[in-house]
J.: 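Here it is, the structure in full.
Note that these values count all heavy atoms, side chains included, but never hydrogens, waters or copies made by symmetry. Residue numbers start from 1 in every chain, and the chains themselves are labelled A, B, ... in the order their sequence lines are given, proteins ahead of strands. A quick note: this is a predicted structure, and the numbers were derived from the prediction, not measured.
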Number of protein chains: 2
Amino acid sequence: MFTLAEENYLKAIFHLEHEFQGEVSTNAIAESMETKPSSVTDMIQKLAEKKLLTYKRYKGVQLTAEGKKVAANVIRKHRLWEVFLVEKLKFHWDQVHEIAEQLEHIQSEELITRLDKFLGSPDFDPHGDPIPDKHGVLKRTEKKLLSEIDKNQKGVCVGVKESSPEFLQYLDKKKISIGTKIRVLGKEFFDGSMIIQVFDDQFFISKTVAENIYVQTI
Amino acid sequence: MFTLAEENYLKAIFHLEHEFQGEVSTNAIAESMETKPSSVTDMIQKLAEKKLLTYKRYKGVQLTAEGKKVAANVIRKHRLWEVFLVEKLKFHWDQVHEIAEQLEHIQSEELITRLDKFLGSPDFDPHGDPIPDKHGVLKRTEKKLLSEIDKNQKGVCVGVKESSPEFLQYLDKKKISIGTKIRVLGKEFFDGSMIIQVFDDQFFISKTVAENIYVQTI
DNA sequence: CTATATTTTTAGACTAGGCTAAAAATAATA
DNA sequence: TATTATTTTTAGCCTAGTCTAAAAATATAG
């Protein structure tokens, strides 16, 4: 359907459109892809030709509905594969990006449908980023740090910010992984530490820990 | 490490060396890869340059130890992914080749180590072909048809020849899948039918069925 | 052992995707 | 507003991998 290079451009532009609202400049694309502006100009002209984005010379680009769909689908595949790598193959959350960059380009609708089902149709990847659905629709839900959650509120762990082996092992010991429900029982203003409940265990966590866990409020 | 095209050439040559012993001709490669002989000449000169094969003009090629290792590794990846697709994602045995052709080029030692472990280090792919080990060594064991097995002998199902949904459903009903042990209790010369034992069940199968199951004698 | 057929290689061209250097357009500043 | 700086585009070149057409080597047949 689309070449590897095309998919990578669409994905990069998609991310940039979300990061800064509005048109995306040639230079911004070049920087994010670690390539040269002249190469970007070449490619965006081809993508405009294919109606995947709109382009006016010197004015930057904007993805069309079709372009967005293609990009979101690549991102969907990337994030689903990351879940697979972490949940099934027991990779650490910080080892999976490079491999997912390759796997995201595998072409097969059926494969992704089955992979999604196999993984239990997850809503978030191991970094806490939402996984677009099969129509490319991205649930625009803000992920928050656990430290931002108020007393008596609950959240689902959707990822981590820090991902050192030490931290991951700590989480493991505390039985916190993706999808784990966390209830904030108490919060100390003095040092930002918290008392939380995970399954039936209640325990203390430091501010540092709370600032490195992403949750989705529920 | 190696490009997609290079890996595909090495793989094709590896298969041809096993199919017909000795040197592999330019034309044979071209035919098996559905490309033109002139393109093959170009590529084999590059591969010879890289010491992956030996090449004398007009005399065909032969993989070096290094070339064989690279090829066997690609085949290892291909076959492991096929096992994943069938065993975990529940694809049918005849739907997986194309997807595995893509997955076999994903570059990550660690990924394959973990995938292999996740799958229980299988020895055979869903078509009954052996999976090379991590050093590229291919256990040269002949797969046989179940119909060739003698009375009172045992075999492990390593794959199927026919792979229509109907046949696969039949096997499913009889609880026969990859790794299943089958003992031949009796054989009828008249029509080639058999009585076999699978787990604790004993039942009759026709010659047609016996001729479409690959086994490894044990 | 020539003549013909087949196989293989070479030469030259093409596309995708990238680069450098220079030109053109836009933005910023005096 | 004129000038300078920045951004973007164009022009031309490069590599990987493919192709066609023609030349060269090898194999086959009379």
J.: Can you check the A/Glu49 CD to C/dA16 P distance for me, whole Å?
T.: 12 Å
J.: Applying side chain to side chain contact (heavy atoms under 4.5 Å, CB included), can you list everything that pairs with A/Gln62, at least two apart in sequence or on another chain?
T.: A/Glu17, A/Glu23, A/Thr54
J.: Is there any ring pair (Phe, Tyr, Trp, His ring centres under 6.0 Å) pair reaching into residues 68-88 of chain A, and which pairs are they, with sequence neighbours excluded?
T.: A/His78-A/His97, A/Trp81-A/Phe84, A/Phe84-B/Phe84
J.: Taking salt bridge (Lys or Arg N to Asp or Glu O under 4.0 Å) as the test, write out the residues that go with B/Lys50, two or more places apart.
T.: B/Glu6
J.: Can you tell me how far P of C/dG18 sits from CD of A/Glu34, to the nearest Å?
T.: 13 Å
J.: Treating primed atoms plus P, OP1 and OP2 as sugar-phosphate and everything else as base, which nucleotides of nucleotides 8-18 of chain D get B, S or - for protein heavy atoms under 4.0 Å?
T.: BBB------SB
J.: Using a cut-off of strictly less than 4.0 Å between a heavy atom of the residue and any atom of DNA chain C, enumerate the qualifying residues of residues 97-106 of chain A by number.
T.: none
J.: Residues two or more places apart in sequence or in another chain: which of them pass side chain to side chain donor-acceptor pair (under 3.5 Å) with A/Asp172?
T.: none
J.: For A/Glu31, which residues count as a side chain to side chain contact (heavy atoms under 4.5 Å, CB included) partner, sequence neighbours excluded?
T.: none
J.: To the nearest angstrom, how far is A/Met33 atom CE from C/dG17 atom C1'?
T.: 11 Å
J.: B/Ser164 and B/Glu162: side-chain donor and acceptor closer than 3.5 Å?
T.: yes
J.: Partners of B/His105 by side chain to side chain donor-acceptor pair (under 3.5 Å), sequence neighbours excluded?
T.: B/Glu7, B/Asn8
J.: Looking at residues at least two apart in the chain, or sitting in another chain, which of them share a salt bridge (Lys or Arg N to Asp or Glu O under 4.0 Å) with A/Glu104?
T.: A/Lys11
